[in-house]
Amino acid sequence: MKTALVCGAGGFIGTHLVKRLRSEGLWVRGVDLKLPEFDLSDASDFMQGDLRDDKLVQAVFDRRFDEVYQLAADMGGAGYIFTGDNDASILHNSAVINLNVLEACRRRDIGKVFYASSACVYPEHNQLDPLNPNCEESSAYPANPDSEYGWEKLFSERLYLSYARNYGLEVRIARFHNIFGELSTWQGGKEKVPAALCRKIALAADGETIEVWGDGTQTRSFLYIDECMEGILRLMRSGWSGPVNIGSDEMVCINELAAMIMRAADKNVFLEHIPGPEGVRGRNSDNRLIKKMLGWRPSSTLYQGIVPTYRWIQGEVQAQC
Ligand code: NAD
């Protein structure tokens, strides 16, 4: 039976990935500091522990896996990664996790390792124009990410590529662009903008006002979780080992995203724009490389993902009230 290890299996993407791998018949070990918050894990075996701890990592790698997916990271939305308050722990925690996991992969002669990088690696100077950002994979250098989170991702990409070069490890590196969907954090400070707006709109009555960070003209693209799963598995099973974007190229501004969520909620609320951490002015996934290398690119519309996501968050909000 094919085996996989998912590091970060208690998180949003990890919970979905374990489910998907299990549905394909793999034996899956999950590891995370915490159990999934919103669902039971489908993992065949779940180890709760800290991947910064080398002893735990040795216990996790007590066997050889055909596939390792490294998703564990100290991360959150703009309110967590762009304020500067968490920079030291973001850099330290995620770097130590990657150093430990990769070394264990080398010792265990792991078949293939997937690393979850981020669009946050792209240079700030290429994302100043909200209508014309450049996120082509090769544009990551000369490097100038706008956050320490992005710098750590860039460092770790290089670490994975070095292990591939020097130790023959097969690596796959995805630069995710704003993944959203059911089972994601939707409150507490680590939530991302789609979940935060879904929560605010679910809590507001028709005609009320909600707060939005920035002037709302900053642009992004958002990828629904099912498409992300498809991209991860297609990349892992392809022969392409360079970093590649996994994201949607349907770019919208935050005001448009809010309007789309209002449509899904069948509600009209007013937006009050307040100062807050925003990140770069514009970002969109450039999907030319993934199309060329995998013969596939995400194609579902943003609205198709917003509808089930809003319904799920609305249910969570109601359950809490
Ligand atoms: P998440 O925060 O839901 O999941 C990350 C998981 O890592 C959490 O469950 C957390 O408990 C775990 N973790 C953190 N430190 C750990 C430690 N020391 N030991 C064990 N587990 C630890 O995030 P996610 O949205 O599922 O993202 C998964 C990966 O994808 C992350 O590496 C993230 O940086 C990357 N990524 C995500 C997005 C996105 O939009 N969600 C975008 C770009 C990149």
Side-chain angles (χ1 to χ4, degrees), residues 5-19 29-39 41 43 46-57 59-60 69-78 80-81 86 89-101 104 113-122 135 145 147-157 160 172-186 188-196 220-225 227-229 231-232 235 243-248 279 283 285 305 309:
L5 171 69
V6 177
C7 303
F12 163 50
I13 300 175
T15 304
H16 285 273
L17 182 58
V18 167
K19 225 183 260 303
R29 169 171 287 166
V31 57
D32 201 299
L33 281 174
K34 60 176 179 71
L35 292 164
E37 217 175 320
F38 307 110
D39 204 358
S41 176
F46 195 100
M47 292 176 71
Q48 208 172 340
D50 191 335
L51 288 164
R52 290 169 302 178
D53 173 1
D54 194 42
K55 285 203 180 60
L56 183 273
V57 176
V60 168
Y69 296 85
Q70 201 320 74
L71 309 173
D74 190 357
M75 66 99 65
Y80 188 73
I81 61 177
N86 307 299
S89 43
I90 287 171
L91 280 168
H92 177 266
N93 294 340
S94 298
V96 173
I97 293 170
N98 285 308
L99 288 161
N100 283 347
V101 168
V113 188
F114 174 93
Y115 174 56
S117 183
S118 166
C120 288
V121 300
Y122 290 113
C135 293
S147 66
E148 300 304 348
Y149 171 77
W151 279 105
E152 191 282 325
K153 289 291 188 194
L154 215 46
F155 162 76
S156 289
E157 282 190 3
Y160 282 80
R172 301 289 179 266
I173 300 172
R175 292 178 180 160
F176 291 151
H177 288 244
N178 298 311
I179 315 302
F180 75 100
E182 301 94 311
L183 311 182
S184 70
T185 303
W186 56 274
K190 282 195 166 186
E191 67 277 20
K192 313 264 177 47
V193 63
R220 292 292 183 278
S221 68
F222 302 93
L223 184 69
Y224 185 54
I225 187 70
E227 292 266 64
C228 176
M229 290 301 109
I232 293 175
L235 176 60
V244 64
N245 292 325
I246 293 190
S248 159
R283 178 171 289 156
S285 184
T309 305

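Counting convention: from 1, in listed order, for ligands and their atoms alike. Only a predicted model underlies this, so the values are computations on that prediction, with no experimental measurement involved.
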| message | Show me which atoms of ligand 1 lie under 4.0 Å from any heavy atom of Lys34. | response | 9 (O), 11 (O)
| request: Determine the sole option in Trp186, Phe12, Tyr224 for which the ring-ring contact (aromatic ring centres under 6.0 Å, His included) test with Phe180 is passed. | output: Tyr224
| query | Looking at CD1 of Ile232 and OH of Tyr69, how far apart are the two atoms once the value is rounded to the nearest 0.5 Å? | reply | 8.0 Å
| remark: If you scan protein heavy atoms around atom 42 (C) of ligand 1, the nearest is Phe176 CB, 3.7 Å
| message | If I take atom OG from residue Ser94 and atom CG from residue Leu51, how far apart are they, to the nearest 0.5 angstrom? | response | 10.5 Å
| query | Does ligand 1 have an atom that lies less than 4.0 angstrom from a heavy atom of Asp50? | reply | yes
| message | Is any side-chain heavy atom of Glu157 closer than 4.5 Å to one of Val121? | response | yes
| task | Kindly compute the distance separating NZ (Lys153) from OG (Ser147), expressed to the nearest 0.5 Å. | result | 10.5 Å
| request: Output the list of atoms in ligand 1 that are nearer than 4.0 Å to some heavy atom of Phe12, sorted by atom number. | output: 3 (O), 25 (O), 26 (O)
| field | Identity and distance of the protein heavy atom lying nearest atom 4 (O) of ligand 1 | value | Gly11 CA, 3.4 Å
| message | If I take atom SG from residue Cys120 and atom CD1 from residue Ile81, how far apart are they, to the nearest 0.5 angstrom? | response | 4.5 Å
| message | Tell me whether Lys153 reaches ligand 1 (any heavy atom closer than 4.0 angstrom to a ligand atom). | response | yes
| remark: Looking only at non-hydrogen atoms, the one of Ser117, Cys120, Ala116 nearest atom 44 (C) of ligand 1 is Ser117
| query | Can you list the ligand 1 atoms lying under 4.0 Å from a non-hydrogen atom of Asn178? | reply | 40 (O)
| message | Could you check whether Asn93 and Arg52, counting side-chain N and O atoms only, form a donor-acceptor pair closer than 3.5 Å? | response | yes
| query | Rounded to the nearest 0.5 Å, how far does OG1 of Thr15 lie from CG of Leu35? | reply | 9.5 Å
| query | Nearest protein heavy atom to atom 27 (O) of ligand 1, by residue and atom, and its distance? | reply | Ile13 CD1, 3.8 Å
| said: Quick test of your reading of the structure: of Met75, Lys192, Gln70, whose heavy atom lies closest to atom 33 (C) of ligand 1? | reply: Met75
| field | Residue Arg52 vicinity, atoms of ligand 1 by number, heavy atom under 4.0 Å | value | 18 (N)
| field | Contact check, side chains of Pro36 and Ser41, non-hydrogen atoms, under 4.5 Å | value | yes
| query | Which heavy atom of the protein is the closest neighbour of atom 19 (N) of ligand 1, given with residue, atom name and distance? | reply | Leu51 N, 2.9 Å
| query | Any side-chain heavy-atom pair from Asp74 and Glu152 closer than 4.5 angstrom? | reply | no
| task | Check ligand 1 against Ile97 and write out every atom of the ligand that is under 4.0 Å from a heavy-atom position of the residue. | result | 15 (N), 16 (C), 17 (C), 18 (N)
| query | Within less than 4.0 angstrom of ligand 1, does Tyr149 place any heavy atom? | reply | yes
| request: Can you sort out which atoms of ligand 1 are near Gly10, meaning under 4.0 Å from one of its heavy atoms? | output: 9 (O)
| field | Under-4.0 Å salt bridge between Lys55 and Asp53 | value | no
| said: Would Ala119 count as a contact residue for ligand 1, given that I'm defining contact as a non-hydrogen atom of the residue lying under 4.0 Å from a ligand atom? | reply: no
| note | In this structure, atom 31 (C) of ligand 1 is nearest to the protein heavy atom Leu71 O, 3.0 Å
| Residue, atom name and distance, where the atom is the protein heavy atom closest to atom 40 (O) of ligand 1 | Ile179 N, 2.7 Å
| message | Using a 3.5 Å cut-off on N or O atoms only, is Ala72 in polar contact with ligand 1? | response | no
| task | Nearest 0.5 Å please: distance from the CH2 atom of Trp151 over to the CD1 atom of Ile90. | result | 15.5 Å
| message | Which of the numbered atoms in ligand 1 are under 4.0 angstrom from any heavy atom belonging to Gly49? | response | 19 (N), 20 (C)
| said: Hydrogens and angles aside, do Asn98 and Tyr160 bring a side-chain donor and acceptor to less than 3.5 Å of each other? | reply: yes
| message | Give me the nearest non-hydrogen protein atom to atom 8 (C) of ligand 1 as residue plus atom name, then the distance to 0.1 Å. | response | Asp32 OD2, 3.5 Å
| atom 22 (C) of ligand 1: the protein heavy-atom neighbour that sits closest, reported with distance to 0.1 Å | Leu33 CG, 3.7 Å
